[in-house]
Amino acid sequence: MREAYIVQAVRTPGCRRGRGAFATTRPEDLLTSALNGLMERTPGVEKKDVEDILVGCAFPEAEQGLNLGRVIAQITGFPDETCGAVVNRFCASGLEAISLQAMRIMAGMCDVAIGAGCESMSIVPMGGNLPRPHPEQAMKNPDVYCSMGITAENVANRYKVTRQMQDDFAFGSQAKAASAQKAGKFTEIVPTTAYRFVEKGGIMTKEAFLQDFDDGVRPTTMEGLAKLKPAFAAMGSVTAGNSSQTTDGAAASLVMSGDAVKKFGLKPIAKFKAYVVAGCRADEMGVGPAYAIPKVIKVAGLGTALDIVKDAIFEVNEAFASQAIYSLQQIGLFDPKYYSHESDERIVNVNGGAIALGHPLGCTGAKLCSQLMTEMKARGKKYGVESMCIGGGMGAAALFELCD
């Protein structure tokens with residue numbers, strides 16, 4: 001079987017739903033900046049060389065509908081020969097897109113492809129515009145339709161993840177992100193054209209501007225986090241401060257075969273090694289990474305997470321602090337030296353996670369891939385693992401190996 005390589009990976013900033021820089025920017029425009037930025041950062045490769053664009057999207061309807069993958073190929077000037085499609089595995093959609101393209105390349109069915117993710121949570125609401133659960137099945141087994149916030153409360157209650165633990169973790173996420181932002185660590189970000197509507201002389205005018213930073217990173221104190229009320233249960237512990245931010249954004253990775261890498265004279269960032277999904281109870285969907293991470297490391301023939309800690313970094317999506325903490329506990333990485341903002345040895349969410357940087361649902365898997373590629377290069381880490389929980393009761397994880 002052939003090898004598949006991540007040659008380049010970029011993302012737009014992540015901006016807060018409804019109040020952030022992308023609140024009135026259509027998802028196609030976010031993807032346009034991501035795809036054009038990806039190609040601009042890969043000299044020698046032209047749009048005509050890309051065979052297919054697969055876009056992950058958790059709610060592919062309305063402005064994100066009509067086969068966004070094919071539509072965006074046309075909008076951004078790829079030729080008619082470049083095909084496109086959309087894939088939906090909720091929060092793992094972007095990673096699913098990258099992995100499917102890698103597997104097509106490994107199977108010899110493709111040489112140059114793009115795996116991407118996009119979500120405008122400002123424009124297309126979580127749950128979609130017209131959710132229609134099956135009535136009888138919803139009565140018989142409602143858990144698959146359960147609110148993500150309630151599943152986070154379930155994890156906290158069942159596995160004794162306290163409010164203090166969650167707030168500590170959230171504070172660390174914000175601290176890591178603020179430090180990384182100040183130090184210019186997020187080099188995978190491409191400046192993104194955004195739009196707002198401004199009244200001029202009684203007429204609403206569309207105005208373009210450039211956004212080049214994540215606008216959800218904010219000063220946070222433990223005292224401030226402690227004052228927040230539970231968001232999903234009256235006596236609960238999950239708050240807006242220890243949950244991921246709902247976010248708008250897009251991200252994309254260029255995936256190639258070894259033959260294509262040689263043809264274009266490129267030095268790839270990392271080799272795609274393995275991708276897995278793992279199921280769990282729907283009413284505690286957040287524990288998915290606790291199952292997916294050990295599985296992907298085993299599939300890659302590397303033992304356990306603790307066997308590779310010296311040579312690896314991990315991006316574990318912080319949908320909620322409760323589920324991220326439990327997942328890290330189960331794989332042996334809930335040790336301050338591995339994740340704390342005060343540790344120089346940290347290898348988990350080294351520049352902050354979704355609590356600070358946002359979770360644009362279908363984009364997140366592609367977004368984390370771009371962040372992982374940046375830090376694998378910067379730190380010289382041999383392995384990179386990314387994982388996330390998935391609505392309905394699943395986890396997904398991928399493992400990459402740094403190219404020499």
Side-chain angles (χ1 to χ4, degrees), residues 2-12 27-28 30-39 42 45-61 63-120 124 249-257 260 268-270 272-277 360-370 372-373 386 388 390 394 396-398 400:
R2 305 192 309 174
E3 304 286 4
Y5 297 91
I6 306 296
V7 171
Q8 186 57 263
V10 303
R11 68 177 178 95
T12 70
E28 305 100 319
L30 298 177
L31 258 180
T32 293
S33 288
L35 292 178
N36 284 338
L38 182 72
M39 300 307 296
T42 318
V45 182
E46 299 179 28
K47 289 180 177 178
K48 67 178 179 61
D49 299 315
V50 177
E51 299 168 55
D52 188 55
I53 300 171
L54 190 56
V55 178
C57 184
F59 293 98
E61 58 174 85
E63 289 86 346
Q64 295 176 167
L66 302 173
N67 189 359
L68 184 58
R70 175 61 172 174
V71 168
I72 199 61
Q74 298 281 296
I75 288 175
T76 50
F78 286 81
D80 289 342
E81 290 76 16
T82 302
C83 299
V86 174
V87 62
N88 180 8
R89 198 188 285 274
F90 278 178
C91 301
S93 299
L95 181 57
E96 185 83 11
I98 293 168
S99 300
L100 286 173
Q101 297 294 42
M103 288 186 273
R104 291 176 64 228
I105 286 169
M106 293 166 75
M109 298 179 181
C110 184
D111 282 295
V112 182
I114 291 173
C118 182
E119 204 80 34
S120 172
V124 180
S253 291
L254 185 61
V255 193
M256 287 189 180
S257 66
I269 301 170
F272 173 89
K273 294 291 290 182
Y275 171 69
V276 304
V277 291
L361 298 183
C363 168
T364 288
K367 175 180 179 291
L368 293 184
C369 182
S370 69
L372 192 62
M373 295 300 111
E386 70 165 291
M388 64 286 296
I390 305 168
M394 293 181 285
F400 304 89

Which heavy atom of [X] sits nearest a heavy atom of [Y], and at what distance?
X	Y	value
A116	A97	O-CB, 3.4 Å
Q74	P79	NE2-O, 4.3 Å
T82	A73	O-CB, 4.1 Å
F90	N88	N-OD1, 2.8 Å
C57	V86	CB-CG1, 4.2 Å
A252	L35	CB-CD2, 3.9 Å

Backbone of [Y] reached by a side-chain donor or acceptor of [X] within 3.5 Å:
X	Y	result
Q8	L38	no
R11	A366	no
K47	T76	yes
E119	G362	yes
T12	A250	yes
S33	L30	no
E51	V112	yes
S253	I6	no
Q64	S120	yes

Just how far is it from atom [atom1] of [X] to atom [atom2] of [Y], taken to the nearest 0.5 Å?
X	Y	atom1	atom2	answer
L368	L95	CG	CG	8.5 Å
D52	R104	CG	CZ	4.5 Å
Q101	E96	CD	CD	11.0 Å
I72	F78	CD1	CZ	9.0 Å
M373	E386	CE	CD	7.5 Å
S257	D111	OG	CG	3.5 Å

Kindly check if the number of other-residue, nucleotide or ligand heavy atoms within 6.0 Å of CD1 (I75) is above 12?
yes
List the steps, then state whether side-chain contact (heavy atoms from CB on, under 4.5 Å) holds for V45 with M256.
CA-CA 11 Å; V45 182; M256 287 189 180; 3.6 Å; yes
Do C118 and V55 touch side chain to side chain, with heavy atoms closer than 4.5 Å?
yes
Can you check side-chain contact (heavy atoms from CB on, under 4.5 Å) on Y5 and F272, steps first, answer last?
CA-CA 6 Å; Y5 297 91; F272 173 89; over 6 Å; no
Please walk me through it: do M39 and N36 pass side-chain contact (heavy atoms from CB on, under 4.5 Å)?
CA-CA 5 Å; M39 300 307 296; N36 284 338; 5.7 Å; no
side-chain hydrogen bond (donor to acceptor under 3.5 Å, both in side chains) partners of R70, counting only residues at least two apart:
none
